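Note sheet for the following structure.
Just so it is clear, the model here is predicted, and its values are computed rather than measured.
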Amino acid sequence: LCPCFIYGAYVFLPFDAPLLPTVSARLVYTLRCAAFATFPIVLGMIVSGISRLCSSALEPFGELQREVEIHRTYVSQSVHLFILYFFNMAVLATYLPQEVLKLIPLLTGLFAISRLIYWLSYAIGRSFRAFGFSMTFLPLLAMLLWNLYSMFVVEPENLLA
């Protein structure tokens, strides 16, 4: 499903990436796009704080209620996945040709949307969260495989340069 979303957005959304001839310009572009991917994490932190304030627990550092635990777990997992996602997008931006750099904001948007879907499905029931997690993890896995392929097969002479 993720490749269909990315392909449809790539073909039908009317924007192009700016001309980015240097590696440093591509990394800055990736950093700016990644700032938008932090939106679901910050939203989760806000909701987690509000749910902790509104919980009926007598001890604030005692055992957490399910409502508080859902948001805390979501934020923790999202931060870990965002770190992996960001580093893979940064490496991906250095290997992509200029014509395909439109994928960087599309992958960022997919990450943000899929984390929100995961959060919603996790709140509904733990058995439904696999869809949202797979929408986050499988593009991450595809980026990792492409980055390793690019490093070791396409340009092995520039691996550490």
Side-chain angles (χ1 to χ4, degrees), residues 1-51 70-124 128-161:
L1 194 58
C2 290
C4 295
F5 285 148
I6 293 294
Y7 179 75
Y10 186 84
V11 171
F12 295 115
L13 288 179
F15 74 93
D16 286 324
L19 184 61
L20 303 167
T22 64
V23 172
S24 60
R26 289 172 180 233
L27 291 176
V28 168
Y29 181 67
T30 303
L31 183 64
R32 289 178 180 168
C33 287
F36 291 103
T38 61
F39 172 74
I41 299 170
V42 172
L43 185 65
M45 289 177 167
I46 291 169
V47 171
S48 177
I50 291 171
S51 68
I70 286 172
H71 305 305
R72 189 183 67 81
T73 303
Y74 163 75
V75 169
S76 174
Q77 289 176 357
S78 293
V79 167
H80 295 145
L81 283 171
F82 174 74
I83 291 169
L84 292 172
Y85 218 80
F86 174 71
F87 282 121
N88 275 291
M89 274 200 332
V91 173
L92 182 69
T94 62
Y95 285 111
L96 286 178
Q98 174 64 41
E99 304 81 37
V100 191
L101 278 179
K102 184 178 179 180
L103 283 177
I104 298 298
L106 294 178
L107 287 170
T108 302
L110 179 66
F111 176 81
I113 291 169
S114 62
R115 290 315 296 165
L116 291 173
I117 290 172
Y118 172 79
W119 191 15
L120 179 67
S121 62
Y122 187 46
I124 290 172
F128 297 113
R129 63 185 174 177
F131 176 71
F133 182 77
S134 65
M135 280 186 63
T136 305
F137 184 71
L138 294 177
L140 172 67
L141 186 64
M143 284 190 297
L144 176 66
L145 292 175
W146 177 259
N147 289 339
L148 291 174
Y149 172 77
S150 298
M151 281 191 256
F152 292 113
V153 176
V154 176
E155 295 181 17
E157 67 278 354
N158 294 333
L159 181 62
L160 300 175

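- Side-chain contact between Ile113 and Phe5 is absent, with no heavy atoms from C-beta onward closer than 4.5 Å.
- Smallest separation of non-hydrogen atoms from Leu27 and Ala90: CD2-O, 3.5 Å.
- With hydrogens and angles ignored, the 3.5 Å screen pairs a side-chain donor or acceptor of Gln98 with a backbone N or O of Leu20.
- Interatomic distance, Ile104 CD1 to Leu92 CG, rounded to the nearest 0.5 Å: 4.5 Å.
- Minimum interatomic distance between Val75 and Gly44 (heavy atoms only, all atoms of both residues): CG2-C, 3.3 Å.
- In terms of heavy-atom proximity, Ile41 sits nearest to Phe82 at CD1-CB, 3.7 Å.
- Taken from CG in Leu107 to CE in Met143, the straight-line distance is 5.5 Å, to the nearest 0.5 Å.
- In this structure, the side chain of Lys102 engages the main chain of Leu13 through a donor-acceptor pair within 3.5 Å.
- Between atom CG of residue Leu141 and atom CG of residue Leu84 there is a gap of 11.0 Å, rounded to the nearest 0.5 Å.
- Annotation for Phe87: atom CZ does not count as buried by contact number, only 12 or fewer foreign heavy atoms lying within 6.0 Å.
- In this structure, Tyr122 and Thr73 approach most closely via the heavy-atom pair OH-CG2, 3.8 Å.
- Among pairs with a residue in residues 14-28, those fulfilling side chain to side chain donor-acceptor pair (under 3.5 Å) read Thr22-Ser24, at least two apart in sequence or across chains.
- Taking CE of Met89 as the start and OH of Tyr85 as the end, the distance is 7.0 Å to the nearest 0.5 Å.
- Contacts of Thr38 classified as side chain to side chain donor-acceptor pair (under 3.5 Å), with partners at least two apart in sequence or in another chain: none.
- In this structure, Thr94 contributes its side chain and Val91 its backbone to a donor-acceptor pair below 3.5 Å.
- Summarising the geometry of Thr136 relative to Ser114, their closest heavy-atom pair is OG1-OG, 2.9 Å, with the distance given to 0.1 Å.
- Partners of Thr30 according to the side chain to side chain donor-acceptor pair (under 3.5 Å) rule, which considers only residues two or more places apart in sequence or in another chain, do not exist here.
- For Asn88 (side chain) and Leu140 (main-chain N/O), no donor-acceptor pair under 3.5 Å exists by modelled atom type.
- Under the ring pair (Phe, Tyr, Trp, His ring centres under 6.0 Å) criterion, Tyr149 pairs with Trp146, not counting sequence neighbours.
- No side-chain N or O of Arg72 forms a donor-acceptor pair with one of Ser48 less than 3.5 Å apart.
- Applying the side chain to side chain donor-acceptor pair (under 3.5 Å) criterion to Ser76, with sequence neighbours excluded, gives no partner residue.
- Classification of the Trp119-Tyr74 ring pair by plane angle, with boundaries at 30° and 60°, yields parallel.
- Considering only residues two or more places apart in sequence or on other chains, Tyr118 meets the side chain to side chain donor-acceptor pair (under 3.5 Å) condition with Gln77.
- When all heavy atoms are compared, the tightest approach of Ala37 to Ala112 is CA-CB, 4.5 Å.
- The distance from the NE2 atom of His71 to the OG atom of Ser51 is 4.5 Å, given to the nearest 0.5 Å.
- Cys33 contributes atom SG, which lies 13.5 Å from atom CZ of Phe111 (distance to the nearest 0.5 angstrom).
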Residues Arg115, Phe133; criterion side-chain contact (heavy atoms from CB on, under 4.5 Å); working and verdict: CA-CA 7 Å; Arg115 290 315 296 165; Phe133 182 77; 4.3 Å; yes

